[in-house]
Protein chains: 2
Amino acid sequence: MGIVERKEREREEMRKLILDAARKLFLENGFDKVSIRNIADEIEYSPATIYLYYKDKNELFFALHQTAFTKMIEEFAPIEQIEQPMDKLIEMGRLYLRFAFENPELYDLMFIMTAPIDALECREDIWDDGDRAFSILQQIVQACIDTGTIKHPDAEQAALMIWSSVHGLAALHLRRRLSMFGEEHVKTLVDETFNLFLNTIKKGL
Amino acid sequence: MGIVERKEREREEMRKLILDAARKLFLENGFDKVSIRNIADEIEYSPATIYLYYKDKNELFFALHQTAFTKMIEEFAPIEQIEQPMDKLIEMGRLYLRFAFENPELYDLMFIMTAPIDALECREDIWDDGDRAFSILQQIVQACIDTGTIKHPDAEQAALMIWSSVHGLAALHLRRRLSMFGEEHVKTLVDETFNLFLNTIKKGL
DNA sequence: TTGTTTACTAAACACTGTTCATTAAGTTTG
DNA sequence: CAAACTTAATGAACAGTGTTTAGTAAACAA
């Protein structure tokens, strides 16, 4: 009998319905406007129903966090076509920064907010997405080391240094700590700083 | 008559009383536990009273944000004694990272949270603290350029690159995005990455 | 002493995340 | 088919949040 399969399917559909409503509200109105009651209104169910499909709000945000990683990794696809590892690395950096600027809420959710991480420390799969994204970077850095364009022998260390530098730029911007340089030309400032960083690692890393 | 002066003084004392209670709760129990009612309980006044001294919660957090900057800048004092600009720069980086690790809540407030920035965009003095701290860094970078230890001619760009790199490391750690490397040896990982960054800019910047 | 200004607060408003007893519908069994 | 059971959904409540406002009591000025 396919009833249990149908139930399973309906359950997944409901989880998706909730998640999509949450994403819609999140992208339209920002983090603060995503309340359980707002989501419930959006999908025309009672607030309590959401708790039948997600343990709590953090778990819901973790699910959103997962879809955001999938989206970002998809956007990295074009770098596969690039031959030179260093060119790959540079393009990945650009795509990363572009993702951060074009999807500020998603980037925030992925790398800054504590909501998706809180109270989920018990789960085994919390770091799967982060690991997956980081290992893409690390592999490219390893290729740079193998071809001699990066001298430092430890790919993990080098990758972490690169990630944190680019993240720092994105995070300072998204949390409005670069406004003192004038909100209007922050984008060019970030681009210039990114280029300076590229030149520095080309020469020094 | 000194009544208006005394009133002024009493007003400042009350602002300080509220601020100190807020800081106490903030450092003891974290951001979430600092509610207007908690602060009111702590100082044995009604919640509404706080609104006679601070416009809203964001303004209160901005005041806390200011004291945090003062504390950090005080901790930078020892670098004045260092002769070589590059040594100064390195020590400043170390002190910056140490401040972030030893005062995670304060660092978060200063460079990550949006609360102290939100709705205060109108005020002229929001960026004073950030500017002051950044210009300390920029001056040291300028000294490095003048003595030839840094080749890149633009001190502002170089300083921003350095800041964002170190901030990236601190921010990823504080928002628990480095836990995938194993929570226990994050500190050494950050130190290693910081050293790699130093070597890179020494050679490449 | 009267009038006015100031400091303070109780109570309310509109929210928030979350839980739980109850209802209604779907499914299985006799 | 009807009775028993299981499951999905909810209304209402709890305990909390930031913030506003009307009203009171004390301090001050005339």
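Chain identifiers are assigned alphabetically (A, B, ...) following the order of the sequence lines, protein sequences preceding nucleic acid strands; residue numbering begins at 1 within each chain.
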Nearest listed nucleotide, side chain of A:N38, among C:dG17, C:dT16, D:dT10: C:dT16
Geometric class of the B:Y107/B:F111 ring pair [parallel <30°, tilted 30-60°, perpendicular >60°]: tilted
Options C:dT9, C:dT16, D:dT19, nucleotide nearest the side-chain atoms of B:A48: C:dT9
Of the listed nucleotides C:dG17, C:dC8, C:dC13, the one nearest the side chain of B:R37: C:dC13
Atom pair distance, as rounded to whole Å: CD in B:E5 and C1' in D:dC28: 15 Å
Nearest listed nucleotide, side chain of B:T49, among C:dT9, D:dT19, D:dG11: C:dT9
Nucleotide nearest B:Y51 (side chain, heavy atoms from C-beta), chosen from D:dT19, C:dA7, D:dT10: D:dT19
d(CG, A:L60; P, C:dT16) in whole Å: 14 Å
Nearest-Å distance for atom pair CZ/P, residues B:R15 and C:dC8: 14 Å
Which atom of A:A22 lies closest to which atom of A:I39, heavy atoms considered: CB-CD1, 3.9 Å
Atom pair distance, as rounded to whole Å: CG in A:L52 and P in C:dC20: 13 Å
Distance test, side-chain N/O of A:S46 to OP1/OP2 of D:dG11, below 4.0 Å: no
B:H65 ring center near B:F61 ring center (under 6.0 Å): no
Sugar-phosphate, base or nothing in reach of A:Y53, heavy atoms under 4.0 Å: sugar-phosphate
Residue pair A:K202 / A:N199, side-chain heavy-atom distance below 4.5 Å: yes
Cation over ring face, A:K57 and A:F31, 6.0 Å, 45°: yes
Nucleotide of C:dT18, D:dT19, D:dA9 approaching A:K57 most closely (side-chain heavy atoms): C:dT18
Among C:dC8, C:dT18, D:dT10, the one nearest A:I36 by side-chain distance: C:dT18
Side chain of B:K7 - closest among D:dA8, C:dT6, C:dT9: C:dT6
A:D32 CG - D:dG18 C1' separation (whole Å): 12 Å
